[in-house]
Every structure is written in C-alpha cells, then in structure tokens.
Amino acid sequence: MTQSHAKGDIKDPSLAQQGIERIEWAMKEMPVLNQIKKRFKESQPLKGMVISGCLHITCETANLALTLKSGGAKVFMCASNPLSTQDDVAAALTTQYGIPTYAINNVDNETYYQHINAVLDQKPNVTMDDGADLVATLHTEKINLLDNIIGGTEETTTGVIRLKSLAKENKLKYPIIAVNEAETKHLFDNRYGTGQSTLDGITRATNILWAGKTVVVCGYGWCGKGVALRARGMGANTIVTEVNPTRALEAAMDGHRVMSMSEASKIGDIFITLTGCMNVIAKSHFELMKNGAIIANSGHFNVEIEISALEQLSKTKNKISEAIDEYILPDKRKLYLLGEGRLINLAAAEGHPSAVMDMSFANQALCAEYLSQESKNLNLDVHNVPAKIDQLVGSLKLQSMNMYIDKLTAQQQKYLTSWSIGT
Ligand code: ADE
C-alpha cells in the first residue's frame, strides 16, 4: 500500500482538486440526497456510528459518504470493483473530506482484498456493500469483528442473492437491508441507469454506431430490460436470451426477438451479459460467433463471460486500447472483449448518471438511519427497505423535478379499502 493504514490508500493526492469539482458537479443532480444531507447535519442521527462502505468509488458515492459523515458517522470507504475507481474522487475523499478511502483503479486482486480488510479493521457498526464482499469477508476471515456490527445494507442484485443464500443456511450474523429491492432503486437505477451507462461504456470503448447493429442482450431482469430498451432506441435490432420463461415472454411482447444463446451467437454483432450468472457466454458460443463480434459484460461480477475459454481458444491476443482486447482464433476470426469482462459501464465510462444514483443513495442514507434506530428489532435476515422510506424517496424525487401528483379523495380511499362495493 502506498499510504499508512488509517489514512486510506489512493493513487495520487494531487488529483484531489479535480475530484472536488466532479463531486460538487454530481451533487447538482442529487437533490434528494442533498436534502437528506442537510437534515442529517442538523439532527446528527448517525452520531458515534462507524460505517465501512464497499461501493464503486465514484462522485455519486462520494456524495453518499459525505451525507453519512454529515449525519455524525465516521466513514471509511473501499472499492467494490478493481476497475471502477475514480482516482480523483478517492483522492478528494481521503485528503480533503476526512473520509479515508482505500481504492486505486486497476489494482490486483490481492490489493483489492487488502483494501476490504483495511475498512473492516476500522471496526464498523454498519457495513454498506455493493456485491456483498464486506459481509462475505466478515463471515469468513474476520468473525471476531462481527460483535460490533448492528446491521448492513446491500446495493445490488448479485449481493442480495449472495446474502439470501447465507441467510438460508442460517449463517447470516447481522440484519441486512436490501436497498436493491426498493422500487425507487431497481426500477430506475437498474433499468434506466444501467440502460444508459452500459451503452455509454461500450460507445466510449469502441465508438461504434448502434443503428443497424444486432445487439444480443443476455438476461431480461431490470438491467437487461433497460439495455435492450436503450439499444433499440439507438436503432439496433435487439435479441434477448433468457432462462426464465416469463421474462422471455415479456421480452418477446416488448418487441425483442427471443432465442437461445447458441442461435443468437451466430448472428449478434454485440453481446452484453446482465444475468448475475456465470459462463453465460461460454466456449461453444465463441465457436459460433461472427468475425468482429464485440462482447461486454454489465453484470456485477466478471464471471458471466467464460474468459478462460476464450483465452484457450485463441491463438493470439492483442491489446487494441485500454478497454479492448482482440482475440484471434485459429480460423482467423477476431473477437473483441471489452473491459476484461468487468462491468463495462464503470470500467469504460462513469457508471450510472448522478440523477439516478440520487434515489439509490437516498435509500442507502435513510436505511443507515433506520438501522441506527431499529436494528435491535430486526432478525438475522435480509430485509426489504421499509415502504415508508421507499415512498419518501419517490415523493422527494418527484418534488425535485417540479412534478406534483393527485391525492386520493376520502371517498376513493374508502372505496379502495372496502370489499362491499361491487357492480
Ligand atoms: N453503480 C452504477 N453506477 C454507479 C455510480 N455512478 N456510482 C456508484 N455506484 C454505481
């Protein structure tokens, strides 16, 4: 590590000024979080609490960390992915805002886990995860620290799946709130955030024209829906592959072509995985792909594309640019892997826009406050975000957009809560 333990580990402190500008710019698009930050500053709901966060280190995350600090918490941050860290943001947080941050873009796996261990060594009371690496490390290598913890939050689908498996085995040692499950999170962040930022990442990496391309979207959860929607909006012909029949049907009725991965492999120009599962694009699929096919992942972990099979199949590998690796197969076909199979929206672009992270991180901040008040009443399980918090975030966002909606009349309320009025 380049700096001593409690002071964070960053690439270059001289990037801090640029980080400050970008963090402040992002906050202009985060009015809900800003409102919470102001309230937190006055009422100090997190006073005395230590929060360790393992999230993508971006300007939006910086504003979340600053909100938690405004509420009285001591905050420590590390990266939830080795390729997503914005080094200027890490520098600003660590040197200017008093939030020690352990994150350097493009670190190896060993340093990535050293950083996770460093934030856990601060003895947090609350963990904030994006992918469940803090919880997994605590439950395996750092069980001695579990006693300090009152609860945690989880940002993403993949993390929630991991945590539910842990809870199902009765091994989860503290309550977690699944921020991802809030409507004001996944309906917006996963759909419109991933939709826009995934196309942004692929465009920045390749500068391709989307119009007229055949784009294969693997997975039709909220993220896949957003990507397919936006790809079609750019003029692409969209194909969806799925394993869930209802979702496949939904994709078909949303107007996308639906087929198996092996059929899609023969015709796709661009492949994007967003399934949360492993080896979705595997050896047999590379064997069928057209010369020039582009392959990217926008799911949380870099397991969706079977990169080891691509390496084995290839005769040569060339680095075309920071985000493009060219694989040449024995039959001379060239396949292009973007961002080493890591989530392309953060590896080659800046992640979701601030306006959408506003809602996700407002949920995070309010859930930290909720844990400070209610954790003793929560059992050792993965809990949904309380509806009150979810609805508050939605209302505040609407207000910030100057939109005002109707209220039910007393008569309508009565109608909706009674069973006696029929035809
Ligand atoms: N996940 C996706 N986009 C993000 C962003 N901009 N900041 C933090 N986490 C993200």
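Position 1 is the first residue of the sequence, and the numbers go up from there. In each ligand, atom 1 is the first atom listed, and ligand 1 is the first ligand listed. Values reported hereafter were calculated over all heavy atoms of this structure, with side chains retained and with hydrogens, waters and symmetry mates removed.
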Electrostatic pair R39:E369 at N-O distance under 4.0 angstrom
yes
Salt-bridge contact D254-K225 (side-chain N to carboxylate O under 4.0 Å)
no
How about NZ on K41, more than 12 heavy atoms from neighbouring residues, nucleotides or ligands closer than 6.0 Å, or not?
no
Should E350 and R22 count as an ion pair when the cut-off is N to O under 4.0 Å?
yes
Please determine whether a side-chain nitrogen of the Lys or Arg among E311 and K317 lies less than 4.0 Å from a carboxylate oxygen of the Asp or Glu.
yes
Side-chain H-bond candidate by donor/acceptor type, K185 with N190, under 3.5 Å:
yes
Enumerate the pairs of nitrogen or oxygen atoms, one from ligand 1 and one from the protein, separated by less than 3.5 angstrom; state names and distance to 0.1 Å.
from	atom 1	to	atom 2	distance (Å)
ligand 1	3 (N)	H352	N	2.8
ligand 1	6 (N)	E60	OE1	3.0
ligand 1	6 (N)	H352	N	3.4
ligand 1	6 (N)	H352	O	3.0
ligand 1	7 (N)	T58	OG1	2.7

